[in-house]
Amino acid sequence: MFLDAQTNLVIDDEKEQFFNSQSKYTYEEYIQKAVHQVKLFLDRDQFYSGDFISDFASKNHLINANDSVNLTIDEALQEIKDLYLDHTIAFHHPTYVAHLNCPVLLPAIVGDLVASSVNTAIETWDQSTSATLIEQEMIQWVCNKMRLPDTSDGVFTSGGTQSNFMALLLARDEYAFKHFGLNLKENGWSDVVSKFRFFCSEKAHFSIKKNAALMGMGYSSVISVPTDDKMKMKPEALVQAIEREKQLGNIPIGVIGTAGTTDFGSFDPLETISKIAKEYDIWFHVDGAYGGGYILTETHQHLLRGVKYADSVTIDFHKTMFQPVCSSAFLVRDTRHFKYVSHYADYLNPLEHRDATCPNLIEKSIQTTRRFDALKLWFTLKMTGAKTIGSFLEKVHYLALDLYYNIKDDPCFEIAHKPELSTLVFRYRAIGIDCDAIHDTINLYIKNTLFKSGQASVASTKIDAKVYLKFTLLNPKSTIDDLLNIINMIKDTGRNYKTHN
Ligand SMILES: *Cc1c(COP(=O)(O)O)cnc(C)c1O
């Protein structure tokens, strides 16, 4: 330790903490020690320690951001083991089947480590250089897979929610400009916008409504279209809804087709919806946050055929391409539509310096400083390969089907749907009980009991106000026996509820 004469700061000269040429051995040591702790996390028996929020009260001294501490790397890692790694949810564990969290691929982790260390900010060419080219290449790769035309383009986003936001924004501003000559970006709100209506299925992701609200249009600007018994949007109901809104004096401006609904993995009939959108001259967005990755499979490619007609597409690599969060993209059919989010700042990307051969990705993003999330995907495509990712997705789909056939005739279960992707929604039925409210209570009891005991994490959802359980399968390393093991836990817990209540 010494006192820096100029700044009067106490500096520890033994271990440089900045990432620079002096610290490369420390960097290596820190990363190796961190990796060692994470390896212990992988050896954990359960997906979760089962500690409840109240159990963390005793660890408050670890959580506290205290100004005076000066831990060594070993001490900090030990604290974070006790506080976090021993307790956090392990998505790679076969008993984790709750949400759309995938186990991640090692090449992607390497990409993330490199991106975090080098810390490229990808918004302008002069901050990112070849990183910009890598992001552009990943975008072109996925646009080609989706068979979008040469005019198509895209940008990495923080997730499906942000991608869907961009879709609604571009659709709205394009409609306002094309049909009313309005420049909403420059001039803001106009009364006619209150009449604009989006259409999506009643099973669409909540981010559609949430984003419409954030854009000042309100939930009421989103019309929910009924679905059929396979949880897919009914095209005739879409036409009826559009006509009804027109009669009310409202203005249909866009339709969102979901490729893989969050709960049921169902695909809306995209080709038919694209024709209806064309007929009414409205924007067609495909929300493929969950199902978009299935473009890499043989089994589901045909369900995504209509994507090539889309004006914009959402795809989450952090759901179905086994990437660490965040890694997601927004694609648009015509790159010119990005003008609705571009802004030229004198200090960053002045308009007079605009140069198409030297792109500034900030012109396509609603973020400014932005992570180099495309690098993880680059490592994955180079090392794992698109074909193998496709086979992983087929594997989890067949696992869901296998589970379905295993339990569909079991009197203990009521199944909501046949899996189209890799989810299965069902509810436990206590034999001899006919009351829905009691079944709701039992199913929630099962979910909560399994979670708190650290045995398994299963999700719940509602259909017609009734509580159901949900398996979301994204782990190609899980086996049917792993899943039937959870099914047995569900049955045991359900039976236990009956004997104790
Ligand atoms: C998960 C999901 C989203 C939201 O994506 P995030 O990456 O969580 O923001 C949007 N749409 C669908 C269909 C989804 O499943």
Side-chain angles (χ1 to χ4, degrees), residues 89 91 97-102 104 108 142 146 154-169 171 198-215 222 224-225 227 230-233 254-270 273 284-295 300 303-304 306-307 310 312-331 365-367 370-371 373-374 376-377 393 396-397 400 417 419-425 459-461 470-474:
I89 310 294
F91 295 147
V97 292
H99 303 288
L100 279 160
N101 307 104
C102 52
V104 294
V142 66
M146 296 291 182
V155 68
F156 272 66
T157 65
S158 63
T161 303
Q162 190 185 68
S163 297
N164 285 343
F165 180 87
M166 294 186 73
L168 299 192
L169 185 81
F198 289 109
F199 300 80
C200 61
S201 98
E202 58 195 6
K203 306 289 189 303
H205 193 258
F206 67 83
S207 60
I208 304 296
K209 277 196 171 147
K210 178 174 166 170
N211 286 325
L214 293 174
M215 284 161 56
V222 179
S224 291
V225 179
T227 46
K230 293 194 171 122
M231 318 294 177
K232 295 165 181 280
M233 186 195 282
V255 54
I256 296 95
T258 308
T261 55
T262 314
D263 273 345
F264 306 100
S266 49
F267 283 72
D268 288 338
L270 302 177
I273 295 173
F284 173 39
H285 175 65
V286 174
D287 180 359
Y290 174 20
Y294 272 78
I295 197 74
H300 290 70
L303 295 168
L304 288 156
V307 176
S312 56
V313 183
T314 290
I315 180 168
D316 266 359
F317 308 119
H318 59 217
K319 282 179 180 164
T320 45
M321 292 203 194
F322 310 101
Q323 303 295 294
V325 288
C326 299
S327 183
S328 181
F330 171 70
L331 313 176
S365 179
I366 60 173
Q367 295 168 258
R370 190 157 62 81
R371 284 174 53 85
D373 287 319
K376 307 178 258 210
L377 188 59
L393 294 176
V396 291
H397 165 66
H417 68 132
E420 189 158 20
L421 272 185
S422 65
T423 61
L424 184 63
V425 179
S460 65
T461 188
K470 175 170 79 160
F471 277 25
T472 306
L473 305 180
L474 284 177

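Nothing fancy with the numbering, it's 1 onward along the sequence. All ligand and atom numbering here is 1-based and tracks the order in the structure. Below, each value reflects all heavy atoms present in this structure, side chains not excepted, and no hydrogens, waters or symmetry copies. Being a predicted model, the structure only gives us computed values, none of them experimental.
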Check each of Thr161, Asp287, Thr423 against atom 13 (C) of ligand 1 and report the one with the nearest heavy atom.
-> Asp287
Do Thr423 and Leu421 have side chains that get closer than 4.5 Å, going by heavy atoms?
-> no
For the rings on Phe330 and Phe165, is their centre-to-centre separation under 6.0 Å?
-> no
Between Asp263 and Lys203, is the closest basic N to carboxylate O distance under 4.0 Å?
-> no
Return yes if a side-chain donor-acceptor contact under 3.5 Å exists between Asp316 and Ser328, otherwise no.
-> yes
Heteroatom proximity flag, Thr262 to ligand 1, N/O under 3.5 Å | yes
What are the atoms of ligand 1, with element, lying closer than 4.0 Å to any heavy atom of Gly260?
-> 13 (C)
Which is it for Asn164 and ligand 1 at heavy atoms under 4.0 Å: side chain, backbone, both or neither?
-> side chain
Per-atom filter on ligand 1: closer than 4.0 angstrom to a heavy atom of Ala289 are 2 (C), 3 (C), 10 (C), 11 (N), 12 (C), 14 (C)
Is any side-chain heavy atom of Thr161 closer than 4.5 Å to a side-chain heavy atom of His205?
-> yes
Among side-chain atoms of Thr314 and His285, is any donor-acceptor pair under 3.5 angstrom?
-> yes
Distance only, no hydrogens: is a donor on one side chain within 3.5 Å (strictly under) of an acceptor on the other, for Thr227 and Glu202?
-> yes
Ligand 1 contact by His318, heavy-atom criterion under 4.0 angstrom | yes
Subset of ligand 1 atoms that lie under 4.0 Å from at least one heavy atom of Gly159 | 7 (O), 9 (O)
Heavy-atom contacts with Leu100 under 4.0 Å: which atoms of ligand 1 show up? List them by number with element.
-> 15 (O)
Among His205, Lys210, Lys319, the residue with a heavy atom nearest to atom 1 (C) of ligand 1 is Lys319
Any idea how Phe264 and His417 line up, ring-wise: parallel (<30°), tilted (30 to 60°), or perpendicular (>60°)?
-> perpendicular
What atoms in ligand 1 come closer than 4.0 Å to a heavy atom of Gly160?
-> 4 (C), 5 (O), 6 (P), 7 (O), 9 (O)
Using a strict 4.0 Å cut-off to heavy atoms of Asp316, name the atoms of ligand 1 that fall inside it.
-> 5 (O), 6 (P), 7 (O)
